[in-house]
There are 2 protein chains.
Amino acid sequence: MNDSVLTPERILAAAEDVLRRYGPGKATVVDVAQALGVSHGSVYRHFASKAALREAVLRGWLARSMAPLQAIANSRTPPPARLRQWFTTLRQAKRDNVLGDPELFATYSALAAEAGDAIAEHKERMQQQIASILAAGMASGDFRELDPPAAARALFDATARFHYPGLSHLWNQPGEDVAFTRLLDLLLAGLAPAPTPPRRRK
Amino acid sequence: MNDSVLTPERILAAAEDVLRRYGPGKATVVDVAQALGVSHGSVYRHFASKAALREAVLRGWLARSMAPLQAIANSRTPPPARLRQWFTTLRQAKRDNVLGDPELFATYSALAAEAGDAIAEHKERMQQQIASILAAGMASGDFRELDPPAAARALFDATARFHYPGLSHLWNQPGEDVAFTRLLDLLLAGLAPAPTPPRRRK
DNA sequence: CGAATGACAAATATTGAAATCTGTCAGTCG
DNA sequence: CGACTGACAGATTTCAATATTTGTCATTCG
């Protein structure tokens, strides 16, 4: 088990494994050290605290889960469809995690609840992706004039019901899919160019 | 303390008091009985279980908290402004509860987490109020054609971030007010009549 | 010499025995 | 007679003793 030198990467991998196996409540840094065949004092050489180690694991997971969304944000699908696809994928990914491996999901939810900054930064990056889609849509005339970061935040907030992990207990109810689709319809309607509703001008 | 006969109402009042005083974790039905000067066996004569008693207390609270919203829903303010006022009031009421008496709010959140039906019914009534405002707006031409119950659900979901108690930890952050206003702007834009954006007709 | 160890204090978690609580019901009391 | 009691069994909670874990650091090892 103790092949090469002890690196942060190897510790991270072991920590992930231990967390997966024992869950967030039982995983100790002694367990991690044991899995690596070293003393627990050694892991403190690379991570300042147990909290730091856990946060690092979380960051890795968040980065990996972000990749498919980034790809969609960068695609050349027409912006309205791209935005829809982005949110649908976000929701589906979360949903698959909860339904597919509830324990692992609970583990990452627990880590997320501890680590403040990592989550805030992750949300920030997500909203930047949304904002880039909005900017593309404004350029193409598919969306009305708006402040991309502010609108991105509004969209992210509006869909929280369907992607915020703390609300995952609502995701199994019947009619959840149509409700989500209807919400996206409403939001996209709100983004469409408005040709001056009541009186017409020019 | 034991004036008149023992009625469900008196028990309910005592239970509310005990819950307020001891919190959801410590309040026992023995405490409630004691506050009324009767044996705890007597309260089981009026409520089938501790859970039923707690749910009854919750129902009372929900009914009371609903009144001001009902008044707004019934008012004759122009539908878009009325809708905005309804959601703003909803959010503000929740906010005041959290900031004003966090312990009491936590108590009711705990009760809400236990009682399934009461909450589902409450949400249903809330959405009916929204739907009635939407129907009024369609009649007055302020809103486009839509399915009021479905759109009400979408609006309720979209604003969950700002009124779902489980997310109350987010309500103190700076910029929360503007974010909420922007979300309402976006949603109201999505409800506005759309005069066929690209090509004009009629 | 630098990486790793392991003994240690303080903080945190686990355990299980004792206490309390829920829900029932035969019996009392007015 | 019917509202109320209180003793009771089983479930749940509390609490304090015990064990584990975190984080440090003087010492060892290669």
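A, B, ... follow the sequence lines: proteins, then strands. Residue 1 opens every chain. On a predicted model such as this, the values are computed, not experimentally measured, just so you know.
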Which one, [options], comes nearest to the side chain of [X]?
{"X": "Arg45(A)", "options": "dG23(C), dA4(C), dG23(D)", "value": "dA4(C)"}
{"X": "Tyr44(A)", "options": "dT24(C), dG23(D), dA4(C)", "value": "dG23(D)"}
{"X": "Ser39(B)", "options": "dG6(D), dT5(C), dA4(C)", "value": "dG6(D)"}
{"X": "His40(A)", "options": "dA7(C), dT14(C), dG23(C)", "value": "dA7(C)"}
{"X": "Ser49(A)", "options": "dT5(C), dT22(C), dG23(D)", "value": "dG23(D)"}

Distance, rounded to the nearest Å, where [X] contributes [atom1] and [N] contributes [atom2]:
{"X": "Leu6(A)", "N": "dG30(D)", "atom1": "CG", "atom2": "P", "answer": "17 Å"}
{"X": "Leu53(A)", "N": "dG23(D)", "atom1": "CG", "atom2": "P", "answer": "10 Å"}
{"X": "Arg54(A)", "N": "dG23(D)", "atom1": "CZ", "atom2": "P", "answer": "10 Å"}
{"X": "Asp31(B)", "N": "dT13(D)", "atom1": "CG", "atom2": "C1'", "answer": "14 Å"}
{"X": "Tyr22(A)", "N": "dT20(D)", "atom1": "OH", "atom2": "P", "answer": "15 Å"}
{"X": "Leu36(A)", "N": "dT5(C)", "atom1": "CG", "atom2": "C1'", "answer": "15 Å"}
{"X": "Lys50(A)", "N": "dT12(C)", "atom1": "NZ", "atom2": "P", "answer": "11 Å"}
{"X": "Glu114(A)", "N": "dT22(D)", "atom1": "CD", "atom2": "P", "answer": "12 Å"}

(request) For dT14(D), take OP1 and OP2 only and decide whether either is under 4.0 Å from a side-chain N or O of Lys26(B). (result) yes
(request) With DNA chain C as reference, determine whether Ser42(A) or Gly25(A) sits nearer its 5' end, using the nearest nucleotide of each. (result) Ser42(A)
(message) Considering every strand and a 4.0 Å limit on heavy-atom distances, what is the contact class for Val30(B): base, sugar-phosphate, or nothing?
(response) base
(request) Look at all strands and tell whether Thr28(B) reaches a base, only sugar-phosphate, or nothing, counting heavy atoms closer than 4.0 Å. (result)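 Sugar-phosphate: the residue Thr28(B), judged by heavy atoms under 4.0 Å, touches backbone atoms but no base.
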(message) Any donor-acceptor pair under 3.5 Å linking the side-chain atoms of Asn172(A) with those of Glu176(A)?
(response) no
(request) Mind jotting down which residue pairs meet the ring pair (Phe, Tyr, Trp, His ring centres under 6.0 Å) criterion with at least one end in residues 46-78 of chain B? Sequence neighbours excluded, please. (result)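 Sorted pair list: Trp61(B)-Tyr108(B).
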(request) Identify whether the distance between the nearest side-chain nitrogen and carboxylate oxygen of Asp177(A) and Arg91(A) falls below 4.0 Å. (result)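 Salt bridge present between Asp177(A) and Arg91(A).
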(message) Taking Arg59(B) first and then Glu16(B), would you say they form a salt bridge - that is, a charged N and a carboxylate O separated by under 4.0 Å?
(response) no
(request) Measure from the side-chain N and O atoms of Asp157(A) to the backbone N and O of Ala154(A), and report whether any donor-acceptor pair falls under 3.5 Å. (result)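 Checked: no pair found.
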